[in-house]
Amino acid sequence: MKIYFNRLKKHPFGGVYAVLLGIAAVWAALPMFRGGMYDAALVDLAMAGILIYLMLKSVVYSFRKKSSLPEKCASWGLLVAANVLALLPTHEFPGNLSTAFAYSLLLCAVVLYFSGSRITSVCIMPALWCFVFMPYHEEFMLLLSFPLRLSATMLSAGILKLCGVDVVFSGTSLTLPGLDIAITDACSGINQLDAFILIAFIIVQILHKTTWWKVLHFAFIIPALIAGNSLRIVLTVLLYKVAGETVLQDTWHITLGYVQIILALLIFLCIGKIFKIDSKKTAEDKDA
């Protein structure tokens, strides 16, 4: 840790970037705390902390060099783009995203001017998380909710038909003999998406070393969540046929919700293991 801080002293601007991102994250989390969204706020802050730490780690372990003339020119271009976005008329979401992206571009312009393109590349993710995603957390969740519900409904209907169950789906509803199931926002997995993103991000950092495999694995978050939700719906229907309406009550419903997350995580881990095997084969082929 002492070595880490000694290295950070050689990159003083890295600490400035971290402080600015930290302030933005806390500022974005305050409305969530005031609205009673404590879980979402804490998870988002934890994710912001991890992203900022990874950014700082990259900063302190990189060779410090001054920005080149092309990089400084590019930074001025980003600054102009940030001003253009900030001057655009803002309305309700997603129109007011222009201001959020303007803040992100402004920070990236500063980093690019003083620290170069390599450090800027590791600042992009924490900047987008703190300035764009966190302030509009609820809006992004609502945008994702319907596609998640629709995909899970279609997939679960297909699995149930393969199991010999007579089912018809319409939109985000399933119709079975004597039973109608509506997949609501609460049942879409959207409430667990924040925590799932955080856990998945940590898994990706542990399993993979190269950025390419990290990005590829991380892209399977949504498919894993959809698959987990679909299996939960199928399990609910099959249990209903055995135990009746008991499985639709609160205790069973909450328990099956946890089962959904466990299934999604297992699917995500399996995908990661497959990618890890492939990455090892690729590295061995290069060595050969």
Side-chain angles (χ1 to χ4, degrees), residues 37 39-40 43 93-94 133 136-201 203-204 207 215-278:
M37 300 166 59
D39 292 345
V43 170
F93 181 85
F133 180 77
Y136 302 105
H137 173 276
E138 191 171 359
E139 289 85 350
F140 277 114
M141 293 295 106
L142 288 173
L143 281 178
L144 286 170
S145 175
F146 182 73
L148 285 175
R149 289 188 290 141
L150 184 62
S151 301
T153 305
M154 294 172 63
L155 182 58
S156 58
I159 296 172
L160 286 169
K161 286 179 180 179
L162 289 175
C163 294
V165 178
D166 185 16
V167 60
V168 176
F169 76 90
S170 176
T172 60
S173 299
L174 293 173
T175 302
L176 299 96
L179 177 65
D180 292 326
I181 299 177
I183 313 302
T184 62
D185 284 336
C187 300
S188 65
I190 202 68
N191 294 332
Q192 296 84 16
L193 183 58
D194 257 358
F196 193 76
I197 289 175
L198 178 61
I199 296 169
F201 188 80
I203 290 172
V204 165
L207 286 182
V215 172
L216 187 60
H217 187 192
F218 197 67
F220 278 84
I221 286 179
I222 299 298
L225 199 60
I226 291 170
N229 196 16
S230 300
L231 292 174
R232 177 190 67 84
I233 296 168
V234 170
L235 187 60
T236 301
V237 172
L238 296 178
L239 287 173
Y240 173 81
K241 288 184 169 295
V242 175
E245 294 186 0
T246 306
V247 300
L248 303 178
Q249 296 174 1
D250 289 343
T251 303
W252 276 89
H253 190 70
I254 293 170
T255 303
L256 289 170
Y258 287 117
V259 170
Q260 170 194 343
I261 296 300
I262 293 170
L263 290 172
L265 280 173
L266 288 174
I267 292 167
F268 190 78
L269 279 170
C270 290
I271 294 169
K273 290 294 184 181
I274 294 170
F275 286 163
K276 193 172 183 180
I277 293 170
D278 288 342

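Remember, it's a predicted structure, so these values are computed and weren't measured experimentally. Side chains are part of it too, since the values below use all heavy atoms of this structure and drop only hydrogens, waters and symmetry mates.
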Distance check, rounded to the nearest 0.5 Å: [X] atom [atom1] versus [Y] atom [atom2]?
X    : Y    : atom1 : atom2 : value
T255 : Q260 : OG1   : CD    : 13.0 Å
L225 : I222 : CG    : CD1   : 6.0 Å
I203 : I199 : CD1   : CD1   : 7.0 Å
S145 : E138 : OG    : CD    : 11.5 Å
L266 : L231 : CG    : CG    : 10.5 Å

Report task. Apply the test side chain to side chain contact (heavy atoms under 4.5 Å, CB included) to residues F169 and T175: give CA-CA distance (whole Å), side-chain angles for both, the deciding distance (0.1 Å), then the verdict. Result -> CA-CA 6 Å; F169 76 90; T175 302; over 6 Å; no
Quick one: list whatever passes side-chain contact (heavy atoms from CB on, under 4.5 Å) with [X], sequence neighbours left out.
X    : value
A227 : I267
L216 : W212, W213, F275
V259 : L235, L263
L150 : F146, M154, T172

Requested in this report: Tell me, please, which residues at least two apart from Y240 pass ring-ring contact (aromatic ring centres under 6.0 Å, His included).
Outcome: none
**Report entry** Set of residues satisfying ring-ring contact (aromatic ring centres under 6.0 Å, His included) with respect to F218, sequence neighbours excluded
**Finding:** F201
Please tabulate, for the side chains in residues 155-165, all donor-acceptor contacts under 3.5 angstrom to protein atoms that are two or more places apart in sequence or on a different chain.
{"unit_1": "S156", "atom_1": "OG", "unit_2": "A152", "atom_2": "O", "d": "2.8"}
{"unit_1": "S156", "atom_1": "OG", "unit_2": "T153", "atom_2": "O", "d": "3.0"}

Requested in this report: For D166 and L176, run side chain to side chain contact (heavy atoms under 4.5 Å, CB included): C-alpha distance rounded to whole Å, both residues' side-chain angles, the deciding distance at 0.1 Å, then the answer.
Outcome: CA-CA 6 Å; D166 185 16; L176 299 96; over 6 Å; no
Query raised in the report: Can you find a pair of side-chain heavy atoms, one from L174 and one from V168, that are under 4.5 Å apart?
Result: no
Report task. Give the C-alpha distance, both sets of side-chain angles, the deciding distance and a yes or no for side chain to side chain contact (heavy atoms under 4.5 Å, CB included) between D194 and H137. Result -> CA-CA 9 Å; D194 257 358; H137 173 276; 2.4 Å; yes
Report task. May I ask you to decide if the ring planes of H217 and F268 are parallel, tilted or perpendicular, using 30° and 60° as cut-offs? Result -> parallel
Requested in this report: Under the side chain to side chain contact (heavy atoms under 4.5 Å, CB included) rule, what do I181 and V237 come out as? Steps first, then yes or no, please.
Outcome: CA-CA 9 Å; I181 299 177; V237 172; 3.7 Å; yes
Report summary line: In terms of heavy-atom contacts, S230 and S151 come closest through OG-O, 4.5 Å
